[in-house]
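Below is one structure; the comments refer to it alone.
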Amino acid sequence: RFVYFFLLFLLPLSIEFEVTNSLRTDFPTEPVMGGLMLVTLAYLGYNINRIDLRFFSNPLNLLVALHYSWILVVVINSPNQLVSWKYFLAKSWYITTFFVLTGLAISNFKLFKKAFWVIMIPLTAMVLQTMVRHGLVGFSFEDVNTQMWPFFRNHVTYAGMITAFLPFIFLARTWYEKGTFKRRFLNWMIILYLIAIYLSFTRACTLALAVAAV
(Lines give C-alpha, C1' and ligand atoms only; values in the text may rest on other atoms or scores of the structure.)
Protein backbone atom coordinates (compact mmCIF):
# COMPACT_ATOMS: atom_id res chain seq x y z
CA ARG A 1 0.00 0.00 0.00
CA PHE A 2 2.89 2.39 0.74
CA VAL A 3 4.32 1.88 -2.77
CA TYR A 4 0.84 2.37 -4.25
CA PHE A 5 0.42 5.74 -2.51
CA PHE A 6 3.96 6.67 -3.53
CA LEU A 7 2.91 6.00 -7.14
CA LEU A 8 -0.08 8.34 -6.74
CA PHE A 9 2.28 11.01 -5.43
CA LEU A 10 4.54 10.57 -8.45
CA LEU A 11 1.78 10.90 -11.06
CA PRO A 12 2.02 14.69 -11.53
CA LEU A 13 5.82 14.56 -11.24
CA SER A 14 6.65 11.92 -13.86
CA ILE A 15 8.43 12.78 -17.08
CA GLU A 16 8.35 11.18 -20.52
CA PHE A 17 11.62 9.32 -21.09
CA GLU A 18 12.77 8.18 -24.52
CA VAL A 19 14.32 4.70 -24.19
CA THR A 20 14.79 4.19 -27.94
CA ASN A 21 13.52 5.89 -31.08
CA SER A 22 10.43 3.67 -30.97
CA LEU A 23 9.96 3.29 -27.20
CA ARG A 24 9.04 5.93 -24.65
CA THR A 25 7.95 5.52 -21.06
CA ASP A 26 6.69 7.72 -18.24
CA PHE A 27 9.47 7.70 -15.66
CA PRO A 28 9.43 6.70 -12.87
CA THR A 29 5.70 5.90 -12.82
CA GLU A 30 5.49 3.19 -15.51
CA PRO A 31 8.33 1.06 -14.08
CA VAL A 32 6.63 1.31 -10.68
CA MET A 33 3.31 0.31 -12.31
CA GLY A 34 4.95 -2.72 -13.90
CA GLY A 35 6.34 -3.82 -10.55
CA LEU A 36 3.02 -3.26 -8.79
CA MET A 37 1.24 -5.29 -11.48
CA LEU A 38 3.46 -8.30 -10.71
CA VAL A 39 2.99 -7.82 -6.97
CA THR A 40 -0.78 -7.54 -7.40
CA LEU A 41 -1.01 -10.72 -9.47
CA ALA A 42 1.12 -12.60 -6.94
CA TYR A 43 -0.98 -11.24 -4.04
CA LEU A 44 -4.21 -12.29 -5.75
CA GLY A 45 -2.81 -15.75 -6.45
CA TYR A 46 -1.84 -16.35 -2.83
CA ASN A 47 -4.81 -14.66 -1.13
CA ILE A 48 -7.76 -15.06 -3.50
CA ASN A 49 -9.84 -16.91 -0.89
CA ARG A 50 -9.31 -14.22 1.77
CA ILE A 51 -9.91 -11.08 -0.33
CA ASP A 52 -13.14 -9.11 -0.17
CA LEU A 53 -14.10 -8.96 -3.86
CA ARG A 54 -17.29 -6.89 -3.47
CA PHE A 55 -15.59 -3.94 -5.19
CA PHE A 56 -15.33 -5.98 -8.39
CA SER A 57 -18.97 -7.09 -8.34
CA ASN A 58 -20.20 -3.68 -9.55
CA PRO A 59 -21.84 -4.12 -12.99
CA LEU A 60 -19.92 -1.10 -14.31
CA ASN A 61 -16.73 -3.10 -13.90
CA LEU A 62 -17.98 -5.33 -16.70
CA LEU A 63 -17.21 -2.46 -19.08
CA VAL A 64 -13.57 -2.53 -18.02
CA ALA A 65 -13.43 -6.29 -18.56
CA LEU A 66 -15.02 -5.97 -22.01
CA HIS A 67 -12.65 -3.15 -22.95
CA TYR A 68 -9.60 -5.18 -21.90
CA SER A 69 -10.86 -8.36 -23.61
CA TRP A 70 -11.49 -6.54 -26.87
CA ILE A 71 -7.95 -5.11 -26.82
CA LEU A 72 -6.63 -8.67 -26.57
CA VAL A 73 -8.76 -9.76 -29.55
CA VAL A 74 -7.48 -6.85 -31.64
CA VAL A 75 -3.86 -7.47 -30.60
CA ILE A 76 -4.01 -11.15 -31.58
CA ASN A 77 -5.28 -10.17 -35.04
CA SER A 78 -2.97 -7.21 -35.48
CA PRO A 79 -0.60 -7.06 -38.51
CA ASN A 80 2.03 -5.37 -36.33
CA GLN A 81 2.46 -7.75 -33.42
CA LEU A 82 5.42 -6.01 -31.73
CA VAL A 83 3.71 -2.63 -31.40
CA SER A 84 0.37 -4.21 -30.48
CA TRP A 85 1.77 -6.38 -27.68
CA LYS A 86 3.69 -3.39 -26.28
CA TYR A 87 0.37 -1.53 -26.21
CA PHE A 88 -1.38 -4.48 -24.55
CA LEU A 89 1.34 -4.75 -21.91
CA ALA A 90 1.04 -1.04 -21.10
CA LYS A 91 -2.75 -1.40 -20.82
CA SER A 92 -2.24 -4.39 -18.54
CA TRP A 93 -0.23 -2.54 -15.93
CA TYR A 94 -2.51 0.49 -16.09
CA ILE A 95 -5.64 -1.60 -15.53
CA THR A 96 -4.03 -3.90 -12.93
CA THR A 97 -2.60 -1.01 -10.93
CA PHE A 98 -5.28 1.68 -11.19
CA PHE A 99 -8.29 -0.61 -11.24
CA VAL A 100 -7.56 -3.92 -9.54
CA LEU A 101 -4.99 -2.70 -7.03
CA THR A 102 -7.03 0.42 -6.28
CA GLY A 103 -9.95 -1.82 -5.31
CA LEU A 104 -7.65 -3.63 -2.88
CA ALA A 105 -5.58 -0.72 -1.56
CA ILE A 106 -8.32 1.87 -1.04
CA SER A 107 -10.65 -0.24 1.02
CA ASN A 108 -12.25 2.49 3.17
CA PHE A 109 -13.14 6.18 3.19
CA LYS A 110 -10.10 7.17 5.27
CA LEU A 111 -7.76 5.72 2.64
CA PHE A 112 -9.73 7.45 -0.14
CA LYS A 113 -9.19 10.82 1.59
CA LYS A 114 -5.52 10.02 1.95
CA ALA A 115 -5.26 9.21 -1.77
CA PHE A 116 -6.86 12.57 -2.59
CA TRP A 117 -4.29 14.56 -0.62
CA VAL A 118 -1.39 12.44 -1.87
CA ILE A 119 -2.25 13.51 -5.44
CA MET A 120 -3.48 17.01 -4.57
CA ILE A 121 -0.24 18.28 -3.04
CA PRO A 122 2.21 17.56 -5.90
CA LEU A 123 -0.37 18.36 -8.59
CA THR A 124 -1.05 21.78 -7.05
CA ALA A 125 2.69 22.41 -6.88
CA MET A 126 2.90 21.67 -10.62
CA VAL A 127 -0.05 23.99 -11.32
CA LEU A 128 1.57 26.84 -9.38
CA GLN A 129 4.93 26.29 -11.08
CA THR A 130 3.32 26.28 -14.52
CA MET A 131 1.28 29.41 -13.86
CA VAL A 132 4.32 31.31 -12.56
CA ARG A 133 6.42 30.31 -15.57
CA HIS A 134 3.56 31.11 -17.95
CA GLY A 135 3.01 34.44 -16.23
CA LEU A 136 6.63 35.41 -16.84
CA VAL A 137 5.92 35.31 -20.59
CA GLY A 138 2.64 37.17 -20.21
CA PHE A 139 0.42 34.07 -20.43
CA SER A 140 1.24 33.91 -24.12
CA PHE A 141 -0.71 31.44 -26.25
CA GLU A 142 2.40 30.85 -28.37
CA ASP A 143 4.38 29.71 -25.30
CA VAL A 144 1.64 27.67 -23.60
CA ASN A 145 3.06 24.29 -24.69
CA THR A 146 6.45 24.75 -23.00
CA GLN A 147 5.63 26.07 -19.54
CA MET A 148 4.68 22.72 -17.98
CA TRP A 149 7.71 20.87 -19.36
CA PRO A 150 9.22 18.39 -18.41
CA PHE A 151 6.39 17.10 -16.22
CA PHE A 152 3.73 17.32 -18.95
CA ARG A 153 4.37 16.89 -22.67
CA ASN A 154 2.10 19.77 -23.65
CA HIS A 155 -0.80 21.96 -22.52
CA VAL A 156 -3.36 19.25 -23.40
CA THR A 157 -1.98 16.58 -21.05
CA TYR A 158 -1.51 19.23 -18.34
CA ALA A 159 -5.04 20.60 -18.67
CA GLY A 160 -6.48 17.09 -18.99
CA MET A 161 -5.06 16.00 -15.64
CA ILE A 162 -6.14 19.07 -13.67
CA THR A 163 -9.59 19.00 -15.30
CA ALA A 164 -10.05 15.34 -14.36
CA PHE A 165 -8.96 16.10 -10.79
CA LEU A 166 -11.10 19.21 -10.24
CA PRO A 167 -14.36 17.34 -9.43
CA PHE A 168 -12.52 15.57 -6.60
CA ILE A 169 -11.69 18.97 -5.09
CA PHE A 170 -15.38 19.88 -5.18
CA LEU A 171 -16.08 16.59 -3.41
CA ALA A 172 -13.29 17.01 -0.85
CA ARG A 173 -14.50 20.42 0.31
CA THR A 174 -17.71 18.76 1.55
CA TRP A 175 -15.64 16.66 3.99
CA TYR A 176 -14.84 19.70 6.16
CA GLU A 177 -16.98 22.14 8.12
CA LYS A 178 -17.52 25.69 6.88
CA GLY A 179 -14.88 28.08 8.18
CA THR A 180 -12.21 25.42 8.71
CA PHE A 181 -8.78 25.91 7.18
CA LYS A 182 -9.05 22.89 4.86
CA ARG A 183 -12.46 24.00 3.57
CA ARG A 184 -11.19 27.50 2.81
CA PHE A 185 -8.02 26.09 1.27
CA LEU A 186 -9.99 23.81 -1.07
CA ASN A 187 -12.29 26.70 -2.04
CA TRP A 188 -9.23 28.67 -3.15
CA MET A 189 -7.90 25.60 -4.96
CA ILE A 190 -11.11 25.39 -7.00
CA ILE A 191 -10.54 28.97 -8.15
CA LEU A 192 -6.86 28.28 -8.85
CA TYR A 193 -7.62 25.18 -10.94
CA LEU A 194 -10.37 26.95 -12.91
CA ILE A 195 -7.97 29.79 -13.75
CA ALA A 196 -5.25 27.28 -14.65
CA ILE A 197 -7.58 25.40 -16.99
CA TYR A 198 -8.66 28.63 -18.65
CA LEU A 199 -5.06 29.79 -19.11
CA SER A 200 -4.08 26.41 -20.58
CA PHE A 201 -6.08 27.40 -23.70
CA THR A 202 -7.45 23.87 -24.01
CA ARG A 203 -10.96 24.10 -25.43
CA ALA A 204 -11.76 20.42 -24.90
CA CYS A 205 -11.15 20.76 -21.16
CA THR A 206 -13.24 23.91 -20.93
CA LEU A 207 -16.08 22.06 -22.65
CA ALA A 208 -15.52 19.05 -20.36
CA LEU A 209 -16.05 21.28 -17.31
CA ALA A 210 -19.34 22.54 -18.72
CA VAL A 211 -20.51 18.95 -19.36
CA ALA A 212 -19.31 17.85 -15.91
CA ALA A 213 -21.34 20.65 -14.31
CA VAL A 214 -24.48 19.37 -16.01
Side-chain angles (χ1 to χ4, degrees), residues 1-123 125-126 148-153 156-158 160-162 164-165 168:
R1 184 175 278 127
F2 171 81
V3 178
Y4 172 81
F5 278 107
F6 183 56
L7 172 63
L8 296 185
F9 180 82
L10 290 174
L11 287 178
L13 306 175
S14 63
I15 60 175
E16 188 176 58
F17 181 74
E18 187 172 316
V19 181
T20 67
N21 291 333
S22 61
L23 179 62
R24 293 184 179 185
T25 185
D26 292 325
F27 186 83
T29 48
E30 284 203 282
V32 175
M33 275 185 256
L36 282 175
M37 178 182 73
L38 297 177
V39 171
T40 302
L41 295 175
Y43 180 81
L44 288 171
Y46 281 105
N47 300 279
I48 193 66
N49 294 325
R50 298 192 291 117
I51 296 174
D52 185 354
L53 298 176
R54 285 178 296 175
F55 169 80
F56 303 102
S57 63
N58 190 309
L60 289 175
N61 296 337
L62 178 62
L63 296 177
V64 178
L66 290 173
H67 169 66
Y68 188 60
S69 300
W70 182 247
I71 291 174
L72 179 60
V73 171
V74 173
V75 166
I76 292 172
N77 292 279
S78 169
N80 193 329
Q81 288 287 300
L82 179 61
V83 172
S84 297
W85 281 107
K86 280 165 46 178
Y87 175 79
F88 181 75
L89 182 61
K91 276 288 187 179
S92 296
W93 61 55
Y94 270 93
I95 290 175
T96 303
T97 302
F98 292 117
F99 177 67
V100 179
L101 182 57
T102 295
L104 301 173
I106 304 182
S107 54
N108 56 57
F109 182 61
K110 181 179 179 181
L111 289 169
F112 178 73
K113 291 174 67 174
K114 180 179 179 180
F116 167 81
W117 286 107
V118 165
I119 300 175
M120 172 80 182
I121 293 170
L123 182 58
M126 290 301 99
M148 60 287 303
W149 190 88
F151 302 103
F152 298 91
R153 178 192 286 187
V156 177
T157 55
Y158 162 73
M161 185 168 190
I162 59 179
F165 193 73
F168 289 96

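The structure presented is a predicted model; accordingly, all values stated were derived computationally and were not measured.
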Gap between atom CZ of F98 and atom CG of L36 - 0.5 Å precision: 8.5 Å
Exercise: identify the closest heavy-atom pair between R1 and A105: NE-O, 2.8 Å
Rounded distance (nearest 0.5 Å) linking atom CD1 of I76 with atom CD1 of I71: 12.0 Å
Side-chain heavy atoms of T96 within contact of L101, under 4.5 Å: no
Ring geometry between F168 and F112 (parallel below 30°, tilted from 30 to 60°, perpendicular above 60°): tilted
Within-4.5 Å side-chain heavy-atom neighbours: L8 and F5: yes
Spacing of I15 atom CD1 and W149 atom CH2 [to the nearest 0.5 Å]: 7.5 Å
pair D26-F17: side-chain heavy atoms closer than 4.5 Å: no
Minimum side-chain heavy-atom gap V32-F6 below 4.5 Å: no
Spatial distance of atom CZ (F151) from atom CG (L11) [nearest 0.5 Å]: 13.5 Å
Donor-acceptor side-chain pairing of T97 and Y4 below 3.5 angstrom: no
Test item: F116 and K113 side chains (from C-beta on) under 4.5 Å apart, heavy atoms: no
Verdict with reasoning, I119 to F9, per side-chain contact (heavy atoms from CB on, under 4.5 Å): CA-CA 5 Å; I119 300 175; F9 180 82; over 6 Å; no
Side-chain heavy-atom pair L104, L44 within 4.5 angstrom cut-off: yes
Reported CE-to-CE distance for the pair M148 and M161, which is rounded to 0.5 angstrom: 13.5 Å
Interatomic spacing from CE in M33 to OG1 in T25 - rounded to 0.5 Å: 7.5 Å
Any E30 side-chain heavy atom under 4.5 Å of Y94 side chain: yes
Residue pairs, two or more places apart or on separate chains, that pass ring pair (Phe, Tyr, Trp, His ring centres under 6.0 Å) and touch residues 57-86: Y68-F88, W85-F88
Backbone of V75 reached by a side-chain donor or acceptor of Q81 within 3.5 Å: yes
L123 vs I162 side-chain heavy atoms within contact, under 4.5 Å: yes
Nearest non-hydrogen partners of P12 and M126, listed with the distance: O-CG, 3.5 Å
F2 atom CZ, over 12 foreign heavy atoms within 6.0 Å: no
Heavy-atom closest contact (P28 atom, P31 atom, distance): O-CD, 3.3 Å
